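Report on the following structure.
For clarity, every value in this text was computed on a predicted model and none was experimentally measured. So that the names make sense, note that chain A is the first sequence line, chain B the second, and so on, each numbered from 1.
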Amino acid sequence: MQKSSSSSSIQSLIYACSKLNNFEQVLSLFSRMLYQGHVPDAFILPTVVKACTALSNIKAGRQAHGIASVSGLDSDPYVQSSLVHMYVKCSQLKDARKLLDAMSEPDVVSWSALVSGYARVGHVSEAKEAFEDMERKGIEPNVVSSNGLIAGFNQSGCYSESALMFQMMRSRGLKPNGTGISSVLPAVGDLEDLILGNQIHGYVIKMGWGSDKCIVSALIDMYGKCRCSSQMSRVFDEMDELDIGACSALISGLSRNGLADKALMVFRQFKDKGMDLNVVSWTSVIAACSQNGKDMEALDLFREMQIAGVKPNSVTIPCILPACGNTAALMHGKAAHGFSIRSGISGDVYVGSALIDMYAKCGRIKISRLCFDRMPTRNLVSWNAILGGYAMHGKAKEAIEIFHLMQRSGQKPDLVSFTGILSACSQSGLTEEGQCYFNSMFREHGIEAGVEHYTCMVSLLGRAGKLEEAYSMIKKMPFEPNGCVWGALLSFCRVHNNIALGEIAAKQLFRLDPSNPGNYILLSNIYASKGKWREVDRVRGMMNKIGLRKNPGCSWI
DNA sequence: CTAGGGTTAG
């Protein structure tokens with residue numbers, strides 16, 4: 001049995017431990033104090049709650065709250081404030097909110113904490129509500145509260161609200177600080193609001209924040225999103241010290257602007273300079289490759305990253321998986337899957353969706369379905385991935401099943417979902433069903449069909465031999481048909497040997513895509529099927545004139 | 001004795 005210490009000596013020990021950030025010790029000393037029958041006062045309790053906050057220990061925090069209530073200390077402003085922060089840190093926002101409403105002295109700091117608490121978990125409307133409630137209670141929001149709300153809007157993709165909040169802050173006479181600037185810039189970029197972006201850039205220069213790494217990275221990102229690659233590179237070059245965040249922003253900016261080769265080049269330069277590359281920098285260069293058709297490079301970089309001792313995370317995996325799928329590199333894909341399981345990220349919705357897609361592209365649709373069924377949470381991307389997988393495999397029955405299941409689960413379909421269901425119907429010859437889904441797109445879901453949907457419909461009708469209907473569908477399109485649409489028509493003209501429409505489609509294709517040998521071959525085959533040898537020779541002559549040769553076939557499987 | 005906010009990869 002330990003010797004009982006006096007209340008004041010154990011309390012000074014608690015303060016000392018708290019100063020040293022030894023929060024575990026604070027809690028254990030506090031429980032010893034209680035055990036010895038000492039009653040905590042309004043001075044020690046905030047320190048204890050602070051320890052609970054630091055450790056995200058909600059259980060101990062609630063106990064402290066209970067002690068505060070029974071002893072009446074819960075009316076002390078210090079105790080209240082510390083408890084609010086504890087609940088916010090532990091994401092118990094309802095409790096934080098309840099405390100704030102009961103607080104004796106209104107407090108900007110605690111209200112701001114609640115706003116950013118909601119923002120962090122992506123509950124924008126609650127964040128906004130909290131912001132307005134604090135105003136109603138007579139507390140003027142300050143720069144920090146506004147910044148918190150901006151971060152919340154960004155989190156949920158409400159970029160125009162972010163920019164609006166930023167402007168409102170300025171009109172209220174609040175001077176934006178560095179944090180606010182780096183929070184609003186990603187939104188400015190997504191809105192491609194170059195005017196506001198330039199204004200902010202000017203303000204940054206005026207304030208002398210040109211060497212703040214967060215701000216500079218955010219500026220680079222903003223110019224990249226606004227497609228100002230020269231401005232972007234200028235900001236990067238004018239930095240006095242290389243920063244890893246700015247490098248990553250530059251790489252993704254280059255890639256976004258179609259300069260994947262340059263992105264790869266600057267990445268190599270950073271590596272040669274001996275920069276301490278992190279997951280974000282590696283992932284951005286891998287994304288730059290996989291999003292620009294450089295699948296092999298992406299796979300090589302992924303390997304190189306692991307050799308360099310950098311651990312992939314839940315963003316890296318969805319970046320590398322498309323490269324595995326596109327090259328049917330099943331072994332690499334399986335390895336990435338195994339890695340996700342071992343590192344506990346296989347439940348991530350983006351990882352899961354990317355796995356579904358990868359397995360489908362590698363021909364393993366049953367594993368795709370298994371991944372789908374095992375997902376703890378699904379979003380539109382996951383539903384579209386499995387739907388697209390079934391479509392890819394020509395499994396219309398399963399695709400239709402998924403399409404209805406997703407809606408029964410409360411997930412509204414989008415353009416991508418309709419591409420999936422229509423292409424599944426088209427491939428399986430479900431002509432009437434496909435037409436039904438196509439008609440329901442706008443009528444029932446308010447979604448305007450895009451070129452890919454018309455392409456599916458042309459294939460669907462063409463396959464059924466309804467070439468005239470397919471052609472009138474093209475004529476009805478509210479926008480200019482592209483090569484895919486005409487290509488679909490030409491292919492089925494070949495299947496059904498329809499010279500008249502085949503010539504129309506081919507004429508358009510020769511205009512849109514003159515160097516694709518496939519189109520000439522299709523047309524010449526249509527002529528050949530009817531014994532029109534002079535026409536066959538004419539098409540062959542056209543091909544020779546521009547130096548085209550038949551492409552050899554290629555399959556990854 | 002308590003106390004709030006940031007960039008870059010999907």
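- When distances run from any side-chain atom of A/Tyr350 to the nucleotides B/dG10, B/dA9, B/dT2, the shortest one goes to B/dG10.
- One can place CD1 of A/Ile150 at 14 Å from C1' of B/dG4, the figure rounded to the nearest angstrom.
- Between A/Asp101 and A/Arg97 a salt bridge is recorded (basic side-chain N to carboxylate O distance below 4.0 Å).
- With distances taken from any side-chain atom of A/Pro186 to the nucleotides B/dA9, B/dG10, B/dT8, the minimum falls on B/dT8.
- Contact of A/Ser112 with B/dG4 (side chain to base): a donor-acceptor pair of N or O atoms is detected under 3.5 Å.
- The base of B/dT7 sits within donor-acceptor range of the side chain of A/Ser217, with an N or O pair under 3.5 Å.
- Summarising the geometry, the separation between CD1 on A/Ile345 and C1' on B/dA9 is reported as 13 Å, rounded to the nearest angstrom.
- In this structure, A/Asp41 reaches neither bases nor backbone, as no heavy-atom distance under 4.0 Å exists between it and the strands shown.
- Across all strands shown, A/Val115 has no heavy atoms under 4.0 Å from either base or sugar-phosphate atoms.
- Among the nucleotides B/dA3, B/dT7, B/dC1, the one closest to any side-chain atom of A/Val109 is B/dA3.
- Scanning atom types as modelled, no donor and acceptor separated by under 3.5 angstrom connect the side chain of A/Asn147 and the base of B/dG4.
- Side chain of A/Asn313, nearest nucleotide from B/dA9, B/dG10, B/dC1: B/dA9.
- Protein atom CG of A/Leu277 is 13 Å distant from nucleotide atom C1' of B/dT8, rounded to whole Å.
- Closest approach to the A/Tyr15 side chain among B/dA9, B/dC1, B/dT7 is made by B/dC1 (side chain taken as heavy atoms from C-beta onward).
- Between A/Val115 and A/Ser145, the closest heavy-atom pair is CG1-O, 4.0 Å.
- Across B/dT8, B/dG4, B/dT2, the shortest atom-to-atom separation from the side chain of A/Val280 is found for B/dT8.
- One finds the CG atom of A/Leu355 at 5.0 Å from the NE2 atom of A/His337 (value rounded to the nearest 0.5 Å).
- Base engagement by A/Ser314 is indicated by at least one non-hydrogen atom pair under 4.0 Å involving a base atom.
- Contact annotation: the side chain of A/Pro40 never approaches that of A/Val48 to less than 4.5 Å [non-hydrogen atoms, C-beta and beyond].
- Using a 4.0 Å heavy-atom cutoff across all strands shown, A/Ala42 reaches at least one base atom of the nucleic acid.
- When only modelled atom types and interatomic distance are considered, A/Arg62 and A/Gln92 share a side-chain donor-acceptor pair under 3.5 Å.
- When distances run from any side-chain atom of A/Asp212 to the nucleotides B/dG10, B/dG6, B/dA3, the shortest one goes to B/dG6.
- Residue A/Lys213 places no side-chain N or O under 4.0 Å from the OP1 or OP2 atom of B/dT7.
- Checked by distance alone, A/Asp107 brings no side-chain donor or acceptor within 3.5 Å of a matching partner on the base of B/dA3.
- Of the residues in residues 58-92 of chain A, those with a non-hydrogen atom less than 4.0 angstrom from any atom of DNA chain B are A/Tyr78, A/Ser81, A/His85.
- Note: CH2 (A/Trp209) to C1' (B/dG6) measures 12 Å, nearest angstrom.
- When the nucleotides B/dG10, B/dC1, B/dG6 are ranked by their closest atom to the side chain of A/Gln291, B/dG10 comes out on top.
- Counting to the nearest Å, the C1' atom of B/dG4 and the CE atom of A/Met103 are 12 Å from each other.
- Contacts of A/Lys412 classified as salt bridge (Lys or Arg N to Asp or Glu O under 4.0 Å), with partners at least two apart in sequence or in another chain: none.
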Considering only distance and modelled atom types, tabulate donor-acceptor pairs under 3.5 Å from the side chains of residues 228-242 of chain A, sequence neighbours left out.
residue	atom	partner	partner atom	Å
A/Ser233	OG	A/Ser229	O	3.0
A/Arg234	NE	A/Glu238	OE2	3.4

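- With B/dG6, B/dG4, B/dT7 as the choices, the nucleotide that has an atom nearest any side-chain atom of A/Ser183 turns out to be B/dG6.
- Closest approach to the A/Ile215 side chain among B/dG6, B/dT8, B/dG4 is made by B/dG6 (side chain taken as heavy atoms from C-beta onward).
- Between the CE atom of A/Met305 and the C1' atom of B/dA9 there is a distance of 10 Å, given to the nearest Å.
- Between A/Phe270 atom CZ and B/dT8 atom P there is a gap of 17 Å when expressed in whole angstrom units.
- Salt-bridge formation is detected for the pair A/Arg136/A/Asp133: a Lys NZ or Arg NE/NH1/NH2 atom is positioned less than 4.0 Å from an Asp or Glu carboxylate oxygen.
- Remark: A/Cys90 SG to A/His85 NE2 distance equals 12.5 Å, nearest 0.5 Å.
- Residue-level contact check: A/Asp348 touches the bases, meaning some heavy atom is under 4.0 Å from a base atom.
- In this structure, A/Lys19 places its NZ atom 14 Å from C1' of B/dT2, rounding to the nearest Å.
- A/Ser110 comes within 4.0 angstrom of nothing in the nucleic acid, heavy atoms only.
- Residue-level contact check: A/Gly178 touches the bases, meaning some heavy atom is under 4.0 Å from a base atom.
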